[in-house]
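Note that the coordinates shown come from a computational prediction; the quantities given were computed from them, not determined experimentally.
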Amino acid sequence: MDDLLAGLNPAQREAVTTVEGPILALAGPGSGKTRALTHRIAYLIRAGRVAPWQIVAVTFTNKAAREMRSRLEVMLSEPQVNRLAVGTFHALCARWLRHDVAVMGQYDRNFVIFDTSDQQAVIKRALRDLELDEKRWKPGPIHYLISKAKNDLVLPDKFPMRTYEEEIAGRVYERYQQILVENNAMDFDDLLLITHRLFNRYETVLEKYQQQYRHVLVDEFQDTNMVQYELTKMLAAGYGNIFVVGDLDQSIYSWRGADYRNVLRFREDYPDHKLIRLSQNYRSTETILTAAQHVIRQNRHRLENELFTERGQGPKICIVEAYNEWEEAKFVADEIERLQLEQAISPGEVAVMYRINAQSRILEETFVSRSMPYLLVRGTRFYERKEIKDALAYLRLIHNPEDSISLGRIINVPARAIGQKTINDLERWAFELSITPWQAIQQLVTDDEVGQPGADDGDAPSGKLAAVAAAPFKTRARLALVEFGRMMNLLINAKSKMSLPDLFDLTLARSGYKNFVNDHTPEGDERWENLLELRRVAEEFGSLEGDEALALFLERVALVSDVDALVEEGAATAMLTLHTAKGLEFPVVFMVGMEEGIFPHSRSFHDAEQMEEERRLAYVGMTRAKDRLYLTRAFRRSNYGFEELTLPSTFLADIPANLIDEVSRRQRVRSAVEYGVDRPVQSGSGWKQAATSSPTTAATGYTIGDAVYHQKFGEGTVISVEREGNEEYVQVAFPNQGIKKLATSYAPLARR
DNA sequence: AATGTGTTCTTTTTT
DNA sequence: AGAACACATT
């Protein structure tokens, strides 16, 4: 047992060995909480006489789950580790639902998980069904409201209707949910919500899990939402052994429904809990840790947890201003090469982090043009490719033929003479018969076999006396549908008779997709390569029985996250958003785009809570660095195609001057001739001063006719003013430069 | 049905 | 500036 406790500090040891009751571990960045968590699990099994299958551990990502498993394999035996329930809330819920959802009567166990684009498609269909203006109502914002409601356990009948938008969203919500049920499909939120309902309404099911899981462990507790909190509570209600780890300062997912107050709620709901503070940071140098602490300290809503490190001072933090985003990327690349040469630091030890994905493009192009190795950490990107989505749509349809979204996606891909008109006819006909489009196709197939009694050959049914149920297809369209139906039936029958990779091959061959892709162009080759890559994922499930393999494969594929793509110990520099960086660490970290409007993002300016979250995100980013931290900024940057001057991020102002590298502060990277000619209104005396005069607080409330001054376009006149939420947009006429639309919170614009 | 042209939106962050 | 989408043309 000693090997489990060796090398742990007293707080970690307490977290590992306190077996009974509710425990809240406040774990600062780099404080070895993953270590505490894994050792605790091993300890429970080896010392606490708990069976592996009696433990459920919730991680934030699949990657974290995988890592926890592999760490545990060192301490336990492999079969033991296999019996542990380790995964994200979404993955665990999917598994429980697969098992028990049938009792609810609404879904069967072959339900599919709709990804973001499927969800958008459902919203669009709901809008169409409700005859709402698809131009006016955008799927994105509507889905955002629906998702928020689901995360807060709000059902359609309780949906708030305070604004017109909410009223619309409420109506869409209801139809949206109906469509999901009709398709035997769930979105990400449903995985949690339906599990919650299952546990709530079917006591025997809940009791089964409550009795099974004697220990419930949850990582990243500050990023749980309402449903997740309730699920945790329900599961732990059996034995009361609930262990949660979190850090309020690292809560960065409120926009996804996460609520850091769940940590505070926990303290109230379990008054006899034990509180453990993990305060020693094993990751970062003192310089980095102190700087990060100075940034996070500005927040009001926090639970103070003073951290310390014994790693020593280390190099100072470099704050670098480049001329524009290209120069910024060039600086990053140059510096990585320099570190490799002078400090023997491998590019694989470096990460470049940014606030928004769009920032990656310029970095990528820079790295490509210099042939520098990099890894763009965006695991979901692969699954956004057309050929991958098409292939998956076929497989999903085989798994769950009621999935009309997938059906619509591939019914005519590759082209098989089923045009838009035929599809419309099919949908209308199915609607009239109150069956799904898939069932309608099946009807056509059956009719065809018995000599088309219901089908109307030749001319379309024109007479008013024609039965409602008469199929409205001409021969050619009908035959095309019948052929498609037969092809799919063949694949569905094959499903349980062969391994998943074989089914994969058969599907691509019989559907004609293989030939469709293999068109002997370079793009075709690339698409085929991608399909082979997908097949490799399928091979991992090759040993399982056909049905089960397909279910697990589709589940895996639906729940991949961005970090999942990150392979350890690579030789390539990682490029990732600050959000995906959570939980990771790198010897060298570059945070690029440290500018007002980018980071903190302009969408957060209006709300103090959101600004605090931006700050937490800065804290998360900075504390990813072990040894070296670079904060870079572009003096001017192009947005939406036009260039604007920037101001340094307010976060830079909170870093004490004595922690900043003098050289980096003075020698700003410059190369363009114009540089210095049109400096923004800031005295050159340092970051602090510049950052405090953020443009966000600059004049708003313009009126038509105002004379204004823009730093790039010069003098102009306001010709229109409009408000969108909290943003104010003005159109300004500039002599000789035309009319520009500007966001007043963003543009360097002032009244004259 | 496949290609071309124009228009509109995009930029938070993701399971 | 680019992508995604809609519409129009062959």
For this session: Nearest-nucleotide wise, let me know which of Leu559(A) and Glu614(A) is further upstream toward the 5' end of DNA chain B.
Result: Glu614(A)
Exercise. In whole angstrom, what separates Phe605(A)'s CZ from dT11(B)'s P?
Worked result: 18 Å
Exercise. Should we count CZ of Arg261(A) as having more than 12 external heavy atoms under 6.0 Å?
Worked result: no
Problem set entry | Heavy-atom side-chain proximity of Val295(A) to Leu652(A) below 4.5 angstrom | no
Problem set entry | Any Asn62(A) side-chain N or O less than 4.0 Å from OP1/OP2 of dT15(B) | no
For this session: Under 4.0 Å between any heavy atoms, over every strand shown, what does Thr61(A) touch: base, sugar-phosphate, or nothing? Just pick one.
Result: nothing
For this session: Select one nucleotide: of dT14(B), dC9(B), dG2(C), the one nearest the side-chain heavy atoms of Lys138(A).
Result: dC9(B)
Problem set entry | Aromatic centroids of Tyr253(A) and Phe60(A) separated by under 6.0 Å | yes
Seminar exercise, completed: Between OH of Tyr354(A) and C1' of dT14(B) the distance, given in whole Å, is 14 Å
Problem set entry | Under 5.5 Å and under 30°: Trp255(A) stacked on dT13(B) | yes
Exercise. Quick one: are Phe114(A) and Val112(A) in side-chain contact, heavy atoms under 4.5 Å?
Worked result: yes
Exercise. Nearest to the side chain of Thr577(A) - dT11(B), dT15(B), dT14(B)?
Worked result: dT14(B)
For this session: Can you tell me, in whole Å, how much space there is between the P of dA4(C) and that of dT13(B)?
Result: 14 Å
For this session: Grab the CD-P distance between Glu384(A) and dT14(B) for me, whole Å please.
Result: 10 Å
